Amino acid sequence: MTLFEKIVAREIPAKIAFENDEILAFHDVNPQAPVHILVIPKRVIPRIAEAQASDGALIGRLLLTAKQIATDLGLSETGFRLVINSGRNGGETVPHLHVHLLGGRPMHWPPG
Ligand code: AMP
């Protein structure tokens with residue numbers, strides 16, 4: 001099981017921000033911004049580089065869920081950032097697709 005599957009199964013605790021039958025969102029344990037939430041599919045897709053065309057609708061719903069959480073937290077007006085790290089050079093550390101929702105402070109570009 002991936003670390004995030006264990007969070008889905010409640011074997012590892014997390015502060016849950018949103019859940020439905022196919023998506024879980026929880027607060028990052030090492031936040032990089034005042035708001036740092038991870039939005040994941042419950043079904044494992046290892047990384048965006050391995051996503052299939054058949055995963056497209058689910059990935060779309062992940063992004064819309066991240067947007068809705070940002071809206072619910074009042075981040076729409078000031079803005080927020082969504083990040084997907086893929087592979088070693090992308091900075092991926094957990095091989096279970098996740099969208100980082102970062103907000104509550106200005107973000108800089110380019111990222112590190
Ligand atoms: P990435 O580097 O894109 O793969 O992101 C993995 C993220 O998972 C990092 O931001 C970690 O801080 C976060 N993380 C690792 N373990 C946990 C955990 N037990 N609960 C919540 N977030 C975690």
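These numbers were taken from a predicted model, which means no experiment stands behind them. Every number for a ligand or one of its atoms is a count from 1 in the order of the listing.
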Can you tell me the protein heavy atom closest to atom 17 (C) of ligand 1 and the distance?
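Going by distance alone, atom 17 (C) of ligand 1 is nearest to V29 CG1, 3.5 Å.
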[X] N/O under 3.5 Å from ligand 1 N/O:
X	value
P13	no
G91	yes
H100	yes
V94	yes
H36	no

Any carboxylate oxygen within less than 4.0 angstrom of a Lys/Arg side-chain nitrogen, looking at [X] and [Y]?
X	Y	value
R47	E92	yes
E19	K42	yes
E22	R43	no

Under 4.0 Å from a heavy atom of [X]: which atoms of ligand 1 are those, numbered in the order shown and with their elements?
X	answer
T93	1 (P), 2 (O), 4 (O), 5 (O), 6 (C)
H98	1 (P), 3 (O), 4 (O), 5 (O), 6 (C)
N30	12 (O)
H27	21 (C)

Steps toward side chain to side chain contact (heavy atoms under 4.5 Å, CB included) verdict (R81, W109)
CA-CA 11 Å; R81 182 172 289 179; W109 195 262; 3.7 Å; yes
Please step through side chain to side chain donor-acceptor pair (under 3.5 Å) for the pair Q68 and D72, ending with a clear verdict.
CA-CA 6 Å; Q68 189 60 50; D72 292 347; 2.9 Å; yes
Mode of L3 contact toward ligand 1 - side chain, backbone, both, neither (heavy atoms, under 4.0 Å)
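Side chain only.
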For the residue pair F4 and H96, categorise the inter-ring angle as parallel (less than 30°), tilted (30 to 60°) or perpendicular (more than 60°).
tilted
Is [X] close enough to touch ligand 1? Criterion: a residue heavy atom under 4.0 Å from a ligand atom.
X	result
Q32	no
I7	yes
A14	no

Where is the tightest heavy-atom contact between I37 and A17, given as atom of each residue plus distance?
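Nearest heavy atoms, I37 then A17: CD1-CB, 4.0 Å.
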Is any side-chain heavy atom of L82 closer than 4.5 Å to a side-chain heavy atom of L102?
no
Tell me if the aromatic rings of H100 and H36 count as close, with their centers under 6.0 Å from one another.
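Centroid distance H100-H36: below 6.0 Å, so yes.
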With sequence neighbours excluded, residues passing side-chain hydrogen bond (donor to acceptor under 3.5 Å, both in side chains) with R88:
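With sequence neighbours excluded, R88 shows a side-chain hydrogen bond (donor to acceptor under 3.5 Å, both in side chains) to no residue whatsoever.
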Using heavy-atom distances only, which candidate in I84, D28, L97 approaches atom 7 (C) of ligand 1 most closely?
D28
